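Data first, discussion second: the structure below is written as structure tokens.
Predicted model only: the values in this text are computed from it and were never measured. All ligand and atom numbering here is 1-based and tracks the order in the structure.
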Amino acid sequence: MEKIGYGIIGGGLWGETHARIMAAHPLAQLVAVCDLVEERAQQIAEKFGATAYYTDFHEMLKNPGVQAVGIVTPDFAHCEPFIAACQAGKHILLEKPLATTHEDLQAMRTAYQAANVRVMVDFHARWNPPFVVARDNIRANQIGDLISMYYRLNDAIFVPTQMLSWAEKSSILWFLGSHTVDTLRFFAESEVKRVYSVSRSEVLVKKGINVPDIYQSILEFENGVIATIENCWIIPNSNPHWNDIKLNILGSAGMFNMDLTGNQAIERYLENKSDHPDILIMPTIHGKPTGFAYESIRDFIERLVSGEEFIVGFEDGYRVSKVLLAIMESAQNRQPVEVVYD
Ligand SMILES: NC(=O)c1ccc[n+]([C@@H]2O[C@H](COP(=O)([O-])OP(=O)(O)OC[C@H]3O[C@@H](n4cnc5c(N)ncnc54)[C@H](O)[C@@H]3O)[C@@H](O)[C@H]2O)c1
């Protein structure tokens, strides 16, 4: 079977993950890597066997061997490569969030609607087994009518202070809140119609990173479901896992509780620290990268080949970004905001 030629735009931390998965996938051929930093593009290309590397994505998009691209640039830099890839007729696996401004969202939607390409947004939580089991139970009416949800998805402080060079140009809402909102839409099977949010900016600002520490938000869905979400990126690095993930889903006749990071499935005690090694997100099992963060990337290629509909499409990413922009507006004005999807 002919393989899908894959090119990567943005060869950073997560771009390398795309490269690792595609290089090992029987239906994909990693063809090219593009990064503004030439050394980085070359390094990833050589490490994972791509034949070409670029510093300008417009040049990469001219490569006829590239049929699909992964857009893995920083959160605020998805729009330009997305529009160029649409115009070049390349299928797209776009990293979350889809975009971070109303203007970019509109421009991307116009380009997508004019193009004949398929787009998946990488909300990989939809491949997280406990979430899928819960969603299937909700659909099967196991917990009655969905009433409310609580979801805390937080990051350790090393993420904005050490891992991301561009934290100030993003926010915890874009970085993790995008997953939070999409996951709750997945459970509720409804759209968010109104939000109210408060935020605090204390810790990171004092460190010279001008971005809020935390948002706590209330969401009302069109079908009546309500949700409280917390997104914060200042939890201590000593947390047993880099994320803190807690979820409660309450129905009229049942409930789910999830503690996906403080869980007791595996505890590791070393000389000077103890932690809970990752078993769900991206563990390596018998040498193979496994876990839901990898499954979504594999699923993109598999559905591209089979022609099946993607689990997460352009419109999902668009709507999530609109909700997050409404949350930011609410936190700024201390008022509830109606979400307008246009
Ligand atoms: N699916 C997930 O859950 C998940 C996990 C991690 C990161 N991400 C997303 O992936 C994206 C990248 O994150 P990261 O951690 O890899 O960031 P990073 O800073 O490590 O890498 C980004 C790379 O993009 C390059 N770049 C920037 N503009 C470019 C351009 N115009 N052309 C080519 N290269 C360009 C930079 O030089 C850098 O090497 C972000 O949107 C992030 O939110 C998603």
Side-chain angles (χ1 to χ4, degrees), residues 7-21 32-45 47 50 52-61 66 69-85 88 92-101 104 108 120-128 131 153 155-156 158-183 211 231 233 242-243 245 260 278 280-282 289 291-300 311-312 316-317 320-321 324:
I8 293 171
I9 304 176
L13 201 64
W14 207 247
E16 182 163 348
T17 300
H18 280 234
R20 182 175 305 115
I21 298 301
V33 180
C34 173
D35 199 284
L36 292 178
V37 182
E38 183 171 8
E39 208 182 4
R40 184 76 190 151
Q42 181 177 9
Q43 189 194 354
I44 301 295
K47 184 170 175 186
Y53 64 89
Y54 302 85
T55 53
D56 179 349
F57 60 76
H58 293 101
E59 289 305 312
M60 190 184 93
L61 292 169
V66 174
V69 293
I71 297 179
V72 205
T73 47
D75 290 352
F76 58 88
H78 292 171
C79 181
E80 270 189 59
F82 180 88
I83 291 174
I92 300 167
L93 173 55
L94 176 63
E95 271 311 330
K96 41 58 58 172
L98 192 128
T100 59
T101 66
D104 282 2
M108 290 166 81
M120 179 180 132
V121 185
D122 192 16
F123 286 125
H124 58 205
R126 291 196 188 209
W127 282 259
N128 188 353
F131 290 176
L153 180 57
D155 254 334
F158 80 85
V159 173
T161 55
Q162 292 160 44
M163 190 181 104
L164 297 177
S165 57
W166 39 267
E168 205 173 51
K169 292 172 84 177
S170 180
S171 83
I172 189 58
L173 282 182
W174 296 120
F175 199 64
L176 288 188
S178 52
H179 282 304
T180 315
V181 170
D182 183 65
T183 301
V211 72
N231 297 116
W233 53 3
W242 71 82
N243 286 137
I245 310 178
L260 299 189
D278 172 36
L280 268 181
I281 305 174
M282 40 191 204
F292 68 82
Y294 295 134
E295 285 317 314
S296 60
I297 298 172
R298 292 191 183 105
D299 204 52
F300 169 75
I311 303 271
V312 204
D316 293 296
V320 167
S321 284
L324 296 174

If we set the cut-off at 4.0 Å for heavy atoms, which region of Phe57 has an atom near ligand 1: side chain, backbone, both, or neither?
side chain

In terms of heavy-atom contacts, Ala167 and Val211 come closest through O-CG2, 3.9 Å

Return a yes/no value for Glu95: is any of its N or O atoms, backbone included, closer than 3.5 angstrom to an N or O of ligand 1?
yes

Any donor-acceptor pair under 3.5 Å from Asp155 side chain to Val159 backbone:
no

Side-chain heavy atoms of Tyr53 within contact of Glu38, under 4.5 Å:
yes

Please check if the side chain of Asp35 supplies one atom and the backbone of Gly11 the other of a donor-acceptor pair under 3.5 Å.
yes

If you measure from each non-hydrogen atom of His179 to ligand 1, which part falls under 4.0 Å: side chain, backbone, both or neither?
side chain

Atoms of ligand 1 less than 4.0 Å from Asp122 heavy atoms?
1 (N)

Measuring from atom 23 (C) of ligand 1, which candidate in Asp35, Leu13, Leu94 has the nearest non-hydrogen atom?
Asp35

One residue to check: Trp166. Relative to ligand 1, which of side chain, backbone, both or neither has a non-hydrogen atom less than 4.0 Å away?
side chain

Among non-hydrogen protein atoms, atom 28 (N) of ligand 1 lies closest to Leu36 CD1, 3.4 Å

Just need the protein heavy atom nearest to atom 24 (O) of ligand 1, so name the residue and atom and give the distance.
Gly10 CA, 3.5 Å

Subset of ligand 1 atoms that lie under 4.0 Å from at least one heavy atom of His124:
1 (N), 2 (C), 3 (O)

Is it the case that ligand 1 has an N or O less than 3.5 angstrom from some N or O of Leu164?
no

Just checking, is any N or O donor in the side chain of Asp122 or Ser296 under 3.5 Å from an acceptor N or O on the other one?
yes

Starting from atom 14 (P) of ligand 1, what is the nearest protein heavy atom, named by residue and atom, and what distance separates them?
Trp14 N, 3.9 Å

Measure the acute angle between the ring planes of His179 and His124, then classify it against the limits of 30° and 60° as parallel, tilted or perpendicular.
parallel

Counting heavy atoms under 4.0 Å, the part of Pro74 that contacts ligand 1 is both

With rounding to the nearest 0.5 angstrom, report the CD1 to CZ distance, Ile9 to Phe82.
11.0 Å

Can you name the atoms of ligand 1, numbered from 1 with element, that are less than 4.0 Å from a heavy atom of Asp75?
40 (C), 41 (O), 42 (C), 43 (O)

Considering residues at least two apart in sequence or located in another chain, which fulfil the salt bridge (Lys or Arg N to Asp or Glu O under 4.0 Å) criterion with Asp182?
Arg126, Arg185

Heavy atom of the protein closest to atom 11 (C) of ligand 1 (residue, atom name, distance)
Thr73 O, 3.2 Å

Taking the side chain as every heavy atom from C-beta outward, state whether Leu36 and Asp56 have any atom pair closer than 4.5 Å.
no

Considering only non-hydrogen protein atoms, determine which one is nearest to atom 21 (O) of ligand 1 and report residue, atom name and distance to 0.1 Å.
Gly12 CA, 3.2 Å

I'd like to check whether Ser165 has a polar contact with ligand 1, where a contact means an N/O of the residue lying under 3.5 Å from an N/O of the ligand.
no

Residue, atom name and distance, where the atom is the protein heavy atom closest to atom 12 (C) of ligand 1:
Val72 O, 3.2 Å

Please report the closest heavy-atom contact between Thr100 and Asp75, naming both atoms and the distance.
CG2-O, 3.7 Å

Against Ile281, only a single residue in Asn243, Asn128, Leu260 fulfils side chain to side chain contact (heavy atoms under 4.5 Å, CB included); can you say which?
Asn243

Backbone, side chain, both or neither: what part of Phe175 comes under 4.0 angstrom of ligand 1, heavy atoms only?
side chain

Under a 4.0 angstrom heavy-atom cut-off, which atoms of ligand 1 come close to His78?
41 (O)

Quick one: CD1 on Ile71 to CG on Leu94, what's the gap to the nearest 0.5 Å?
5.5 Å

